[in-house]
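Working notes, beginning with the structure itself.
Values below: all heavy atoms of this structure, side chains included; hydrogens, waters and symmetry mates excluded.
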Amino acid sequence: MALLNDLINLNLSDSTPKIIAEYIWIGGSGMDLRSKARTLPGPVTDPSELPKWNFDGSSTGQAPGEDSEVILYPQAIFKDPFRRGNNILVICDCYTPAGEPIPTNKRYNAAKIFSNPAVSAEVPWYGIEQEYTLLQKDVKWPIGWPIGGYPGPQGPYYCSAGADKAFGRDVVDAHYKACLYAGINISGINGEVMPGQWEFQVGPSVGISAGDEVWAARYILERITETAGVVLSLDPKPIQGDWNGAGAHTNYSTKSMRSDGGYEVILKAIEKLGLKHKEHISAYGEGNERRLTGRHETADINTFKWGVANRGASIRVGRDTEKAGKGYFEDRRPASNMDPYIVTSMIAETTLL
């Protein structure tokens, strides 16, 4: 094993200028992450310097067998925390050989919205709170829970410390540092209300980069849980009953909201979101109806309401924002399995276009 670790940790720059680029894309379910690696002649700093690549779309549910080639377009680069050195992770999106975005490519439309002058002039900032649950590998039951049984009721676990309360901190901390190393704008972590559930926050990130960073952070987390032998679940309600679900609360502000008089702009934006509640809910993650029940810090899925410091609302405005008369608000509706490209661009489109 020691030899294996030595080889995994080899520093390539000692012997070659070549680097390894791990091309990452979203698979056919819209949630599964796929990746493969290739050798490049030397260090790369910009996605435009990277070659396009392809994969067998019939094996990922993204193309038929008789015309299976899907083309990967490199879009964002992060440092590779696993291979280190000059090696990189590359977030890609998917196209047909003719250059058309395939149906599962949600980044393409998001990038169009974010490049609209009316949107880009407002410099939209996002902070995404990604909740997730760690499961025991063979039984798909949260880590730290007795197999087939339940721990004590919720209360002692949120932001807790101790072997009987906080389960999986090694994975969480490894992920935190790996994301910082990669250049992801990860801004914090915390233990969640349900034991075995955690959260990391990405942001503030501008426009399309919020989606790129969340997907890169999810990929890194998948890789770390793979090594640790636990399973990552982004199910919005992994355990039925009196247990909190998992969301991806999305904090949002525009230049106008962050400027003097911004509170009025925030109220207008919330009004617009209320008018499109149904459309947003339908795009905010699968299985969200199991989570948005009006209990466990959620608003009922069919009801749109906002409030200051209200965690039972669809949209929460912070006390600081109310006091300062400017700032940001939080959309509490997105589920943990939402696509950040869809959610961030949809909020921008509804509030700015």
Side-chain angles (χ1 to χ4, degrees), residues 8 10-13 16-57 59-60 62-63 69-97 99-102 104-112 114-115 128 130 175 177-186 200 202 205-227 232 339-342 344-345:
I8 287 169
L10 269 179
N11 184 355
L12 295 181
S13 52
T16 176
K18 291 178 180 175
I19 67 152
I20 302 168
E22 188 80 31
Y23 279 46
I24 301 159
W25 72 95
I26 300 154
S29 75
M31 277 309 295
D32 54 320
L33 282 157
R34 310 283 180 137
S35 74
K36 59 178 187 168
R38 67 184 295 166
T39 308
L40 297 173
V44 174
T45 52
D46 193 272
S48 62
E49 299 168 38
L50 290 165
K52 289 171 185 166
W53 205 8
N54 63 68
F55 67 92
D56 165 18
S59 297
T60 62
Q62 290 170 291
E69 199 164 285
V70 178
I71 313 300
L72 292 169
Y73 287 30
Q75 300 290 2
I77 290 176
F78 298 94
K79 289 173 71 179
D80 185 339
F82 305 102
R83 295 188 177 106
R84 298 193 280 266
N86 292 319
N87 305 302
I88 54 175
L89 304 176
V90 183
I91 295 288
C92 303
D93 61 353
C94 302
Y95 296 80
T96 66
E100 292 295 314
I102 66 169
T104 54
N105 180 352
K106 305 303 181 192
R107 191 187 189 280
Y108 177 80
N109 192 48
K112 255 190 358 196
F114 284 122
S115 60
I128 295 170
Q130 174 70 70
H175 177 250
K177 287 185 173 175
C179 285
L180 284 170
Y181 177 92
I184 293 166
N185 197 11
I186 187 169
F200 65 88
V202 169
S205 304
V206 179
I208 196 73
S209 64
D212 290 338
E213 292 186 21
V214 169
W215 277 114
R218 284 175 173 178
Y219 174 79
I220 290 170
L221 187 53
E222 285 279 18
R223 287 281 303 276
I224 291 169
T225 53
E226 173 193 319
T227 304
L232 168 65
D339 185 326
Y341 292 134
I342 294 175
T344 56
S345 61

| said: Is there a side-chain contact (heavy atoms from CB on, under 4.5 Å) between Tyr23 and Leu50? Walk through the geometry before answering. | reply: CA-CA 10 Å; Tyr23 279 46; Leu50 290 165; 3.7 Å; yes
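Checked against the 6.0 Å centroid criterion, the rings of Trp53 and Tyr73 do not qualify as a close aromatic pair.
Contact annotation: the side chain of Pro51 approaches that of Arg38 to within less than 4.5 Å [non-hydrogen atoms, C-beta and beyond]. You'll find the side chain of His175 stays beyond 4.5 Å of the side chain of Glu222, heavy atoms only. Contact annotation: the side chain of Phe82 approaches that of Arg223 to within less than 4.5 Å [non-hydrogen atoms, C-beta and beyond]. Considering only heavy atoms from C-beta on, Ile20 stays 4.5 Å or farther from Asp80 through its side chain. Annotation: side chain of Thr96 is in contact with side chain of Ile102 (closest heavy-atom distance under 4.5 Å). At a threshold of 4.5 Å between non-hydrogen side-chain atoms, the residues Leu180 and Ile186 count as touching. Annotation: side chain of Leu33 is in contact with side chain of Ile24 (closest heavy-atom distance under 4.5 Å).
Checking side-chain atoms of Glu213 against main-chain N and O of Asn185 turns up a donor-acceptor pair under 3.5 Å. Side chain of Asn87 to backbone of Arg84: a donor-acceptor contact under 3.5 angstrom is found. Under the 3.5 Å distance criterion, the side-chain polar atoms of Thr344 are matched with a main-chain donor or acceptor of Pro340.
Between the side chains of Tyr219 and Ser35, a donor-acceptor pair is found at a separation under 3.5 Å. A donor-acceptor contact closer than 3.5 angstrom is absent between the side chains of Ser209 and Asp212. A donor-acceptor contact under 3.5 angstrom links the side chains of Asp339 and Trp215, judged on distance only.
A 6.0 Å sphere centred on OH of Tyr108 holds no more than 12 heavy atoms belonging to other residues, nucleotides or ligands. The 12-atom threshold is exceeded at NZ of Lys36, counting heavy atoms of other residues, nucleotides or ligands nearer than 6.0 Å.
Salt-bridge annotation for Lys106 and Asp93: absent, with no side-chain N of the basic residue lying under 4.0 Å from a carboxylate O of the acidic one.
Of all the heavy atoms in Cys94 and Asn105, the pair that sits closest is O-ND2, 3.0 Å. Summarising the geometry of Ile71 relative to Glu69, their closest heavy-atom pair is CD1-OE2, 3.8 Å, with the distance given to 0.1 Å. The minimum heavy-atom distance linking Ala217 with Val202 is given by the pair CB-CG2, 4.4 Å. Minimum heavy-atom separation, Val70 to Gln62: CG2-O, 4.1 Å. Between Glu22 and Ala37, the shortest heavy-atom contact is OE1-CB, 3.4 Å. Taking all atoms of both residues into account, the shortest heavy-atom contact from Ile208 to Ala111 is CD1-N, 3.6 Å.
The cationic atom of Arg34 (NZ for Lys, CZ for Arg) does not lie both less than 6.0 Å from the six-membered ring centre of Phe55 and within 45° of the ring axis.
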Show me the donor-acceptor pairs, under 3.5 Å and distance only, between side chains in residues 39-47 and residues at least two apart or in other chains.
unit_1: Thr45; atom_1: OG1; unit_2: Glu49; atom_2: OE2; d: 3.2
unit_1: Asp46; atom_1: OD1; unit_2: Ser48; atom_2: N; d: 2.9
unit_1: Asp46; atom_1: OD1; unit_2: Ser48; atom_2: OG; d: 2.5

